[in-house]
Amino acid sequence: MRTSQLFIPTLRDNPGEAEVVSHRLMLRAGMIRKVAAGIYTFLPLGLRVLKKIERIIRQEMNRAGAQELLMPILSPAELWRETGRWDFYGKELLRCQDRHDRHFCFGPTHEEVITDLFRREVRSYRQLPMNFYQIQTKFRDEIRPRFGLMRGREFLMKDAYSFDADEAGARVSYQKMYDAYDRIFTRCGLKFRAVEADNGLIGGTTSHEFMVLAETGEETLVYDEEGSYAANVERAELLPPDQEDGADQLPLETIHTPGTKTVEAVCALLQVSPDRLVKTLLYETPAHEVVAILIRGDHEANTIKICRHLGITEIALASKETVAAVSPAPLGFAGPVGLQGIRILADHGIKAMRNFVVGGNKPDTHLKHANWGRDFTVEAFLDLRRAQAGDPSPRSDGRLHEVQGIEVGHVFLLGTKYSKAMNATVLDAQGQEVPAIMGCYGIGVSRTAAAAVEQNHDGKGMVWPVPIAPFHVHLLPLTASETVLKTAGTLYDSLIAEGVEVLWDDRNERAGVKFNDADLIGTPFHLIIGEKGLAQGVVEFKRRKTGEVVNVQPDAVQSHVKGLLSAYDLPR
RNA sequence: CGGGGCGUAGCGCAGCCCGGUAGCGCGCCUGCUUUGGGAGCAGGAUGUCGGAGGUUCAAAUCCUCUCGCCCCGACCA
């Protein structure tokens, strides 16, 4: 493709609207343009990347036995009412009405639509397993779209849904998808990690997230170097301590600690380390129950774990007013000793502690040498805190490490949540009607493109992994001289004939402009043709990622490129 | 939804405090020269100053309302 025939409006300056690197570079490289908050047009170059990713996904989904179909963007309210999600999904579900005042929504996901299809068409366990997928535009009316393609409202997603007659079959279907995802992101040329994840509101029992590793990722993952455990930090399990502190219990001491509201301040004043302190966090449930959570001073509470233990979906730190109603202590001085009428749950790290410091449950007071059991009663010791680097792995003798990631895929074993709600059943071998066991599997296609940039860029621009690069080779004739143009034309034709995707910068621009645009666009290989090289009978091949340059004779270019590309499993 | 910031030429910005000719750089158009890391010279085009009201002889500038965008938080497959 010639640059003169491809709309690539590159920008020299950083657009003011973009903060994160993928957003900035994709705008600058002329890949995307914003239409409204979280809504983008893909320009030709950006679309080529999406299509590459799509091709890899299609191949691997098909190989895994899934069948492609295409569902509508709009779906009728009735289906969503059946599962209760018409109300439950909240404002993220963008709704509209047609001319007959019938209610519809823009699909944020398609469990309802696919389950409706399934129940109408499939009768017998003999037809299973089945797995349907589509690559389609989704709409989620996010509270705050941001970071360009990373969290758009309209985005391209691959979603798949598996149906099985029994749990064992469902696990096989799940594993197939897990393996397919592993191949997909590997083939995309991305560094990623699959981690155990929280099922959240979608329900079900098992889920894994596929995370592209990037410092700018919003998600935090923990893993042990043995490879035995990797999880989203919000999910990461921590085992109870295996031994308790056997020290003698010392007498409780009251200490005057005016103005020391933070863990740091208390530790500085009392000359103790934070791991000798227990903080008392007062949370309020949606039903206005106040719960005290005890966490070691150097640890952080994990609200998702707290919610799971309490069997609720959301919880927030109690307001000043609520705190005042249950404790005479102002914020910063809450403590478990003498706390009346509310549940006290402790992270199991507390179980190993003796003679620790707690808030005094009254103004300007802390207590030293507090002990659970003697000074206050804990309803239960549970896993309530957020994992952090250095914590012991729950599956090995190793320690956990932390790394940032971008969620690009999520696989769920759903169970029967949707099939039961919508009465999607098949007859099993005994002639009994059983609800289908479902799984659902998503890949954010446009987000994968953005994540690839977050992971692969430098000061000059993007550095695309070869399999998803918009082009393989960027052909850069540096002058308009006859020999240079002739060589460029010949090489272009010979590479195109071999199926190599070449972007030929045929603009009458100076070398610097072409180099800078090429670096910005980030095509993996630059084929540079200049007078200097031709005088010595060579053209130059530059690898974008390393800047490494090799001279090649024009005759040898075709085989050289074939050699370079043969190292990759390219989508066809 | 809470907090913060920003809307002035295609892009990046200045001007606003202290009201009085709408500017700079890049880009764009024409011509000539130039051509290995964002060229030079000469000439040229481009603005409902986000929108609506108000104050004023006079509003990009002051006031009120509104719309949009970005960032932080809450939230999130």
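Bear in mind that the values here come from a model prediction, so they are computed numbers and not experimental data. Proteins get letters first, then strands, A, B, ... in listed order; numbering begins at 1 in each.
Nucleotides B:U56 and B:C75 have their P atoms positioned 50 Å apart, rounded to a whole Å. Nucleotides B:G7 and B:C63 have their P atoms positioned 15 Å apart, rounded to a whole Å. Comparing B:A39 with B:C65, their P atoms are spaced 49 Å from each other, to the whole Å. Going from the C1' atom of B:A22 to that of B:U30 covers 26 Å, rounded to whole Å. Taking atom P in both B:A14 and B:A58, the straight-line distance is 30 Å, to the nearest Å. Between B:G47 and B:C11, the two P atoms lie 14 Å apart (nearest whole Å). Comparing the same atom, P, in B:C62 and in B:C17 gives a spacing of 5 Å after rounding to whole Å. For the C1' atoms, the distance linking B:C13 with B:C29 amounts to 23 Å, nearest Å.
Pairing partner, B:C62: B:G54, with both Watson-Crick or wobble hydrogen-bond distances short of 3.5 Å. Pair check for B:A22 finds none; no Watson-Crick or G-U wobble contact set falls under 3.5 Å. With a cut-off of 3.5 Å on both Watson-Crick or G-U wobble distances, the partner of B:G31 is given as B:C41. With both pairing distances under 3.5 Å, B:C69 is matched to B:G5 as a Watson-Crick or G-U wobble pair.
Ring-plane geometry between A:Y174 and A:Y178 is classed as tilted, the angle between the planes lying from 30 to 60 degrees on a 0 to 90 degree scale.
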- Summarise how protein sits on nucleotides 69-74 of chain B as a single string, 5' to 3': B when a protein heavy atom is under 4.0 Å from the base, S for sugar-phosphate-only contact, - for no contact. SSBBBB
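Residue A:E407 is classed as a sugar-phosphate contact, given heavy-atom separations below 4.0 Å to backbone atoms only. Here A:L478 lies in heavy-atom contact (under 4.0 Å) with a base. Using a 4.0 Å heavy-atom distance criterion, A:E219 is classed as making no nucleic acid contact. When heavy atoms are screened at a 4.0 angstrom cut-off, A:P9 is found touching no nucleic acid atom at all. Residue A:K542 is classed as a base contact, given a heavy-atom separation below 4.0 Å to a base.
Using a 3.5 Å distance cut-off with no hydrogens or angles, the side chains of A:H299 and A:K279 do not pair a donor with an acceptor. If you check the side chains of A:N302 and A:E234, you find no donor sitting under 3.5 Å from an acceptor. A donor and an acceptor atom, one from each side chain of A:E112 and A:T83, are located under 3.5 Å apart. Judged by distance alone, the side chains of A:K176 and A:Y441 never bring a donor and an acceptor atom under 3.5 Å apart. For the residue pair A:R95/A:Y89, the side-chain donor-acceptor check at 3.5 Å is not satisfied.
Around CD of A:Q553, the count of heavy atoms belonging to other residues, nucleotides or ligands within 6.0 Å does not exceed 12.
A:D198 places its CG atom 9 Å from the P atom of B:A77, with the value rounded to the nearest Å. The distance between atom NZ of A:K514 and atom P of B:G37, rounded to the nearest whole Å, is 13 Å. Counting to the nearest Å, the P atom of B:C75 and the CZ atom of A:F88 are 14 Å from each other. Per the geometry, CG belonging to A:D505 stands 14 Å off C1' belonging to B:G36, to the nearest Å. In this structure, CD1 of A:I8 is placed 20 Å from P of B:G38, rounded to the nearest angstrom. One atom, CD1 of A:I304, and another, C1' of B:C76, lie 10 Å apart when rounded to the nearest Å. If you take CZ of A:R447 and P of B:C76, they are 14 Å apart, rounded to a whole angstrom. Atom pair A:L534:CG and B:G36:P shows a separation of 14 Å (rounding to whole Å applied).
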Taking only N/O atoms, report every protein-nucleotides 25-34 of chain B pair under 3.5 Å with atom names and distance.
from  : atom 1 : to     : atom 2 : distance (Å)
B:U34 : O2     : A:R510 : NH1    : 3.0

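Looking at which nucleotide of RNA chain B each of A:N516 and A:P15 is closest to, the 5′-most match is held by A:P15. Mapping A:I529 and A:M150 onto RNA chain B via the closest heavy atom, the residue that lands nearer the 5' end is A:I529.
A:K532 contributes no side-chain N or O that forms a donor-acceptor pair with the base of B:G37 under 3.5 Å. Side-chain atoms of A:D519 come within donor-acceptor range of the base of B:G37, with a qualifying N/O pair under 3.5 Å.
A salt bridge does not link A:D458 with A:K460: every distance from a Lys NZ or Arg NE/NH1/NH2 to an Asp or Glu carboxylate oxygen is 4.0 Å or more. At a threshold of 4.0 Å, the pair A:R543-A:E548 counts as salt-bridged, since one of the basic side-chain nitrogens sits closer than that to a carboxylate oxygen.
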- Item | From CA spacing to verdict: side-chain contact (heavy atoms from CB on, under 4.5 Å), A:L69, A:L117 | CA-CA 11 Å; A:L69 46 62; A:L117 175 79; 4.1 Å; yes
- Task: Would you please test A:K91 and A:D141 for side-chain contact (heavy atoms from CB on, under 4.5 Å) and show each step?
- Result: CA-CA 7 Å; A:K91 289 196 170 170; A:D141 203 357; over 6 Å; no
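Annotation: ring pair (Phe, Tyr, Trp, His ring centres under 6.0 Å) contacts involving residues 136-163 of chain A, sequence neighbours excluded, comprise A:F118-A:F163.
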